[in-house]
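Working notes, beginning with the structure itself.
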Amino acid sequence: MCNDYAELKPSERLLLGPGPSNADPRVLRAMAAPLVGHLDPEFLQIMNDNMSLLRYVFQTKNELTMAMSGTGSAGMETVFVNLVEPGDKVVVCVNGVFGQRMVDVAQRAGAEVTVVNAPWGQIIEAAEVKKAVESVKPKLVAIVHAETSTGILQPLEEISAICKEADCLLVVDCVTSLGGVEVKIDEWGIDAAYSGTQKCLSCPPGLAPVTFNEKARAVINKRKNKVQSWYLDLTMIQNYWGQERFYHHTAPISMGYALRECLRVIYEEGLEARFARHKLNAEALKAGLKAMGFKLYAQEGRQLPSLTTAWIPEGVEDASTRKFLLNKYNIEIGGGLGEGKGKVWRFGLMGHNSTEKNVLTLLTALEAAFV
Ligand code: PLP
């Protein structure tokens with residue numbers, strides 16, 4: 001019986017798609033450390049470290065800054081189920097799959113959603129958001145900072161000013177931006193944001209960092225209705241992360257270790273150096289792709305440093321080429337998602353994976369795949 005199940009030996013893939021990216025080896029080592037209890041003073045100190053290191057990466061002083069148990073989508077749900085009550089008006093900006101997902105999540109939380117659409121591969125124009133905000137007068141506006149389905153980096157400052165003027169909350173998805181490109185929660189006036197560990201933080205999937213400012217926190221604490229999700233209810237979870245240390249659910253201990261280590265790596269490198277590295281390697285990759293005849297998919301000047309998208313060249317077969325890269329070189333790249341399915345490839349250079357060596361390895365492998 002036992003012999004039917006061989007020892008687990010996953011291949012050593014180079015994960016150069018839309019995520020997960022490879023975890024930093026330091027993070028994997030931290031995960032192998034012995035378990036302590038979730039109320040052990042040593043673990044409580046790790047939680048405190050994670051809160052302060054997350055404040056550093058989010059560039060915020062927000063007290064309510066912590067990591068939800070679950071992947072990036074748990075972060076998305078956390079924001080909507082806690083801020084939205086049935087019947088609330090919400091504006092969601094959609095120019096890709098993750099904006100669409102926010103619409104679904106907001107509706108499930110009982111919101112009356114108005115969508116601001118933009119063509120995929122383009123940013124959302126602030127003027128369109130202004131029109132919607134003026135006519136709907138929403139409780140909140142939600143937008144994706146780094147749209148992983150298209151490779152777009154969304155500018156946020158103008159949209160934040162519109163929200164401030166209309167006195168509505170601004171919610172931002174930072175899943176593919178946090179730790180790879182500037183995310184300035186306080187300076188840009190973002191009221192609530194969420195991310196995931198498996199992209200530019202170079203940690204396995206499993207936690208969703210979130211941050212809420214005092215305005216957003218007051219909205220949560222003044223709710224008329226109970227939060228629809230027991231598991232993601234911040235009115236309770238804030239008392240585990242805060243002074244009270246009330247048990248809510250058992251924290252994923254090893255992921256807590258992992259988060260602390262990946263954030264320590266970022267702190268040691270420094271945000272500016274990290275962002276410069278992502279930018280440099282993305283520019284090198286784009287130059288290489290263009291030299292090979294690729295045409296980039298995302299709007300010029302608005303391309304993400306952590307994820308580059310390109311049209312699949314004519315005559316090149318999508319699935320079999322990706323399979324070739326995986327089987328021959330152990331390299332994973334991403335196929336298109338939504339409108340880009342079968343037409344676009346997504347190349348991630350995230351966190352630990354954003355290196356000159358990986359740029360050259362990827363370009364060489366792509367070259368070989370076309371010969
Ligand atoms: N938002 C964005 C922009 C993403 O890229 C992703 C995942 O790729 C998510 C949300 C959802 O995160 P997860 O798949 O970790 O639940």
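Read the numbers this way: they start at 1 and go in the same order the structure lists the ligands and their atoms.
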For this session: Among all protein heavy atoms, pick out the one at the shortest distance from atom 15 (O) of ligand 1; state its residue, atom name and that distance to 0.1 Å.
Result: Gln198 NE2, 2.6 Å

For this session: Around atom 6 (C) of ligand 1, find the nearest protein heavy atom and jot down its residue, atom name and distance.
Result: Phe98 CE2, 3.2 Å

Exercise. Going by atom types alone, do Asn221 and Gln238 pair a side-chain donor with an acceptor below 3.5 Å?
Worked result: yes

Exercise. Which atoms of ligand 1 have any heavy atom of Arg101 under 4.0 Å away?
Worked result: 11 (C)

Problem set entry | Side-chain heavy-atom pair Ile124, Ile143 within 4.5 angstrom cut-off | yes

Exercise. Considering only protein heavy atoms, which is closest to atom 11 (C) of ligand 1, and at what distance to one decimal place?
Worked result: Ser73 OG, 3.3 Å

Problem set entry | Same apolar cluster (I L V M F W Y, side chains within < 4.5 Å links), Leu15/Ile331 | no

For this session: Could you tell me the residue and atom name of the protein heavy atom closest to atom 7 (C) of ligand 1, and the distance to it rounded to 0.1 Å?
Result: Lys199 NZ, 3.4 Å

Problem set entry | Atoms of ligand 1 close to Gly72 [distance to a heavy atom under 4.0 angstrom, numbered from 1] | 12 (O), 13 (P), 15 (O), 16 (O)

For this session: Measure Glu147 to ligand 1 on non-hydrogen atoms and call it side chain, backbone, both or neither using the 4.0 Å cut-off.
Result: neither

Exercise. With a 4.5 Å heavy-atom cut-off, do Pro205 and Thr71 have their side chains touching?
Worked result: yes

Problem set entry | Atoms of ligand 1, numbered as shown, that sit under 4.0 Å from any heavy atom of Ala146 | 3 (C)

Seminar exercise, completed: atom 1 (N) of ligand 1 has as its nearest protein heavy atom Asp173 OD2, 2.6 Å

For this session: Evaluate salt bridge (charged side-chain N to carboxylate O under 4.0 Å, His left out) for Lys139 paired with Asp167, printing each intermediate quantity in order.
Result: CA-CA 8 Å; Lys139 180 181 192 179; Asp167 196 26; over 6 Å; no

Problem set entry | Aromatic ring pairing Phe370/Trp345, orientation class (parallel under 30°, perpendicular over 60°, tilted between) | parallel

Exercise. Quick one: does Gly19 get a heavy atom under 4.0 Å from ligand 1?
Worked result: no

Problem set entry | Pair Arg101, Ser73: side-chain N/O donor-acceptor within cut-off below 3.5 Å | yes

Problem set entry | Check: Val84 and Leu140 side chains under 4.5 Å, non-hydrogen atoms | yes

Seminar exercise, completed: Quick note on ligand 1: atoms under 4.0 Å from a heavy atom of Thr176 include exactly 5 (O)

Exercise. Looking at atom 5 (O) of ligand 1, what's its closest protein heavy atom, distance included?
Worked result: Thr148 OG1, 2.4 Å

Exercise. Under 3.5 Å between some N or O of ligand 1 and some N or O of Thr71?
Worked result: yes

Side-chain donor-acceptor pairs under 3.5 Å in residues 183-191, sequence neighbours left out?
| unit_1 | atom_1 | unit_2 | atom_2 | d |
| --- | --- | --- | --- | --- |
| Asp186 | OD1 | Thr60 | OG1 | 2.6 |
| Asp186 | OD2 | Thr60 | OG1 | 3.4 |
| Asp186 | OD2 | Lys61 | N | 2.7 |
| Asp191 | OD1 | Asn213 | ND2 | 2.7 |
| Asp191 | OD2 | Leu170 | N | 2.8 |

